[in-house]
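All remarks here apply to the structure that follows.
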Amino acid sequence: MTKYLTTIAFLFITSYSIAQSITDQELNKLSLTYAKTSFDELVDLLSLPNDAHFPKDIEKNFKWCKKAFTDRGFSTQQLTTKKIPLLLASKNYKKAKKTVLVYLQVDGQPVDTTKWFQDNPYRATLKEFNDQDKSWNTISLSQLKDTINPDWRIFARSTSDAKGPVVMFLKAMDIINDLNYEPDFNIKVIMDFEEEISSPRLPKAVLDYKDQLASDMLVIFDGPMHISNKPTLAYGARGITTLSLEVFGPRAPQHSGHYGNYVPNPALRLSQLLASMMQDDGRVAIPGWYDGIEISEETKKILNQVPDDEQTMRKKLGIASIDNIAETYQESIQYPSLGILGIKSGWVGTKRRTIIPSSAIAEMNIRLVKETNAKHMVDLVKNHIVNQGYHIIDSVPTEEERMKYKKIIRFNHQIAYDAFRTDFNTEIGQWLRNAITRAFGKSPIQIRTGGGSIPISPFVNTLNIPAVIVPTVNKDNNQHSPNENIRVGNYIDGIKTITAILTQKL
């Protein structure tokens with residue numbers, strides 16, 4: 001709030017006439033000034049571990065967010081679920097005729113401290129790139145108070161996904177509060193603390209608190225911008241369903257010398273099973289996987305207006321070819337995918353043992369599109385496994401099952417949420433395009449469906465409202481991986497983007 005304002009910001013605000021619209025130049029000054037005053041707050045929020053597998057840590061994040069929104073004039077309400085609650089913050093304005101619901105995510109992916117190039121992934125570290133040795137060198141966070149290089153990066157878990165956008169939104173609220181600017185719409189903010197574990201309790205919560213969440217449209221501040229780092233709007237996102245497979249072998253790991261050539265190896269069998277699900281060119285081999293997906297010429301025109309440089313993209317990714325799903329990146333993510341997230345069996349590296357493992361595990365997911373039904377896709381996978389000769393169970397095999405079936409597999413799944421997609425030519429789309437065009441002097445890149453998954457379909461379907469994603473962070477942020485970061489220039493522009501939206505007439 002105002003206690004974070006610098007003298008420069010105060011002088012700028014006192015000379016501002018609230019009767020006029022905020023110009024592009026003023027948006028630039030405001031976003032930079034308020035960004036400089038916000039870094040301590042951002043570092044503080046980033047310091048809170050936020051893995052949703054540890055509810056006590058999430059509780060600290062919940063309290064931090066509740067105080068931050070209360071301090072900015074919002075009324076807050078805890079939306080109780082069976083485990084981790086959601087936080088709803090609301091602020092009404094006198095001349096408002098409509099209500100905009102904002103979705104913010106606070107939890108983050110787990111961390112592997114051995115893979116981070118800093119002592120603590122929750123301690124924000126400022127770095128600049130060294131062109132000579134192609135490395136990121138640590139510099140003092142205090143430099144953010146002076147002249148800022150927009151290409152500096154702040155490294156910490158959830159800088160981009162998605163605590164950075166949370167603080168961007170808070171600073172945009174500080175700007176309009178300090179300017180005494182009143183939007184012509186009410187604001188509701190729903191904060192999700194379980195997004196990275198697929199928000200298992202969110203669909204029911206939206207049903208339970210339908211009245212409290214009632215709104216006219218939904219804006220999501222999450223996800224990376226287009227790879228060009230130009231202003232972006234995404235009108236949809238894929239849904240997600242997770243699968244867990246475990247192929248069983250001997251009751252306990254067995255000596256590979258004594259039992260090699262005798263005891264079937266579950267690691268081999270799992271590998272063969274996974275390979276049977278995929279063609280060599282990357283297409284899913286399960287019959288019916290792509291049924292119902294048609295990309296019309298009109299849709300291709302929408303997809304082709306996204307300025308992707310396919311060769312540059314492949315070079316950045318370090319790949320020579322792509323899966324044979326479609327000819328372009330944008331078209332490829334219009335189809336459902338079947339992904340292998342990780343495989344585990346026995347031991348590797350210095351812990352390698354000469355054994356036949358007792359089981360082999362594969363964690364997988366299905367990325368859904370609007371045309372696909374989650375249960376149907378799960379059934380396709382399940383039927384394929386049965387056709388490969390497996391007996392499916394949902395836990396560990398019994399002695400009777402071990403002696404009866406040659407191939408045994410544990411199959412568990414969780415349907416998280418469906419995909420969503422909003423038409424370009426809607427009120428929310430026009431409103432957001434106008435705001436971003438005003439802020440940056442050019443129309444945003446418009447993406448039909450983003451590749452990632454966000455739990456938005458429960459809001460769209462239950463509240464019957466359109467939704468659009470406003471991504472603000474850099475694409476190369478190592479999202480979900482070690483050394484996650486946010487580009488400082490993106491952080492500043494994110495404040496600018498959200499301020500433009502909050503001050504755009506509906």
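Every heavy atom of this structure was used, including side-chain atoms; hydrogens, water molecules and symmetry mates were not.
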| query | Could you walk me through whether R72 and D174 pass the salt bridge (charged side-chain N to carboxylate O under 4.0 Å, His left out) check? | reply | CA-CA 7 Å; R72 289 164 171 88; D174 284 347; 2.8 Å; yes

| message | Show, in sequence, the C-alpha distance, side-chain angles and deciding distance for K36 and L32, and conclude whether the side-chain contact (heavy atoms from CB on, under 4.5 Å) test is met. | response | CA-CA 6 Å; K36 286 186 174 183; L32 176 59; 4.2 Å; yes

| remark: In short, L46 meets A156 closest at the heavy-atom pair CD1-CB, 4.2 Å

| said: I need the L101 CG to M217 CE distance, nearest 0.5 Å. | reply: 11.0 Å

| task | Report the C-alpha separation of T426 and Y235 in whole Å, then their side-chain angles, then the decisive distance to 0.1 Å, and conclude whether the side chain to side chain donor-acceptor pair (under 3.5 Å) test is met. | result | CA-CA 10 Å; T426 54; Y235 291 79; over 6 Å; no

| said: If you count heavy atoms of other groups shown closer than 6.0 angstrom to CZ of R123, is the number above 12? | reply: no

| Is a side-chain N or O of Y209 found less than 3.5 angstrom from the main chain of T80, in a donor-acceptor match? | yes

| field | Exercise: identify the closest heavy-atom pair between A439 and A500 | value | CB-CB, 3.7 Å

| message | Would you say N177 and K91 are linked by a side-chain donor-acceptor pair, where the criterion is simply a distance under 3.5 Å? | response | yes

| query | Would you call K163 and E484 a salt bridge, taking side-chain N to carboxylate O under 4.0 Å as the test? | reply | no

| request: Classify the side-chain pair Q330/D308 by whether it contains a donor and acceptor separated by less than 3.5 Å. | output: yes

| remark: Interatomic distance, CZ@R201 vs CZ@F193, rounded to 0.5 Å, equals 14.0 Å

| query | Under the side-chain contact (heavy atoms from CB on, under 4.5 Å) criterion, do H480 and E196 qualify, and how do the steps go? | reply | CA-CA 9 Å; H480 290 196; E196 298 296 356; 3.1 Å; yes

| request: For the pair K29 and E26, evaluate side-chain contact (heavy atoms from CB on, under 4.5 Å) and give the outcome as yes or no after the intermediate values. | output: CA-CA 5 Å; K29 291 178 181 178; E26 287 164 340; 5.6 Å; no

| Is the cationic atom of K496 (NZ for Lys, CZ for Arg) positioned less than 6.0 Å from the six-membered ring centroid of F440 and within 45 degrees of its normal? | yes

| request: Would you please classify the geometry between the F69 ring and the F74 ring as parallel, tilted or perpendicular, with 30° and 60° separating the classes? | output: perpendicular

| note | Smallest heavy-atom separation, Q446 atom then F424 atom, equals CB-CE2, 3.7 Å

| message | Taking the ring centre of each residue, are W136 and F117 less than 6.0 Å apart? | response | no

| query | Looking at side-chain heavy atoms only, is the closest gap between K67 and D71 below 4.5 Å? | reply | yes

| Do F459 and F420 have ring centres separated by under 6.0 Å? | no

| Hey, does L104 have a side-chain heavy atom less than 4.5 Å from the side chain of F169? | yes

| Quick one: does E371's side chain get under 4.5 Å of R421's, heavy atoms only? | yes

| query | Looking only at heavy atoms, which two atoms of K230 and M225 are closest? And how far apart? | reply | O-CE, 3.0 Å

| said: Among D476, N478, T472, exactly one meets side-chain hydrogen bond (donor to acceptor under 3.5 Å, both in side chains) together with N474. Which residue is that? | reply: D476

| query | Taking side chain as C-beta onward, heavy atoms only, is K94 less than 4.5 Å from E182? | reply | yes

| task | Check the pair H413, I366 against side-chain contact (heavy atoms from CB on, under 4.5 Å), reporting the backbone distance first and the verdict last. | result | CA-CA 10 Å; H413 75 279; I366 302 170; over 6 Å; no

| request: Answer whether the closest heavy-atom distance between the side chains of D51 and V111 falls below 4.5 Å. | output: no

| request: May I ask you to test the T138-K127 pair for a side-chain heavy-atom distance under 4.5 Å? | output: yes

| message | Please determine whether the number of non-hydrogen atoms from other residues, nucleotides or ligands lying under 6.0 Å from atom CG of N137 exceeds 12. | response | yes

| query | Rounded to the nearest 0.5 Å, how far apart are CG of L303 and CD of E298? | reply | 11.0 Å

| L368 versus P336: any side-chain heavy-atom pair under 4.5 Å? | no

| For residues Y103 and D192, is any side-chain donor paired with an opposing acceptor at under 3.5 Å? | yes

| Is there a donor in the side chain of N61 and an acceptor in the side chain of D107, or the other way round, less than 3.5 Å apart? | no

| Do other residues, nucleotides or ligands put more than 12 heavy atoms under 6.0 Å from N464 CG? | no

| Between F185 and W431, what is the ring plane arrangement, given parallel below 30°, perpendicular above 60°, and tilted in between? | perpendicular

| query | Within the distance-only criterion (no hydrogens, no angle test), does the side chain of T70 pair as donor or acceptor with the backbone N or O of K66 below 3.5 angstrom? | reply | yes

| Reported CG-to-CZ distance for the pair D423 and R448, which is rounded to 0.5 angstrom | 9.0 Å

| query | Where the side chain of R157 meets the backbone of P49, is there a donor-acceptor pair that is under 3.5 Å apart? | reply | no

| task | Kindly indicate whether the side chain of L179, heavy atoms from C-beta on, has any atom under 4.5 Å from the side chain of L30. | result | yes

| note | Between E195 and P455, the two heavy atoms sitting closest are CG-CD, 3.6 Å

| query | Under 6.0 Å from the CG atom of N425, do we count more than 12 heavy atoms belonging to anything else shown? | reply | no

| query | Do R367 and S453 have side-chain atoms, one donor and one acceptor, less than 3.5 Å apart? | reply | yes

| So D161 and N477, side chain to side chain donor-acceptor pair (under 3.5 Å) or not? Walk me through it. | CA-CA 9 Å; D161 188 22; N477 63 63; over 6 Å; no

| Between D40 and K145, is there a salt bridge with N-O shorter than 4.0 Å? | yes

| What is the distance from atom CD of Q479 to atom CD1 of I486, rounded to the nearest 0.5 Å? | 11.0 Å

| task | Search all heavy atoms of P85 against all heavy atoms of Q78 and return the closest pair with its distance. | result | CB-CG, 3.6 Å

| task | To the nearest 0.5 Å, tell me how far M191 CE sits from C65 SG. | result | 4.0 Å

| query | Can any side-chain N or O of T242 pair as donor or acceptor with the backbone N or O of N365 at less than 3.5 Å? | reply | no

| query | Hey, are E427 and K98 close enough for a salt bridge, meaning a charged N less than 4.0 Å from a carboxylate O? | reply | yes

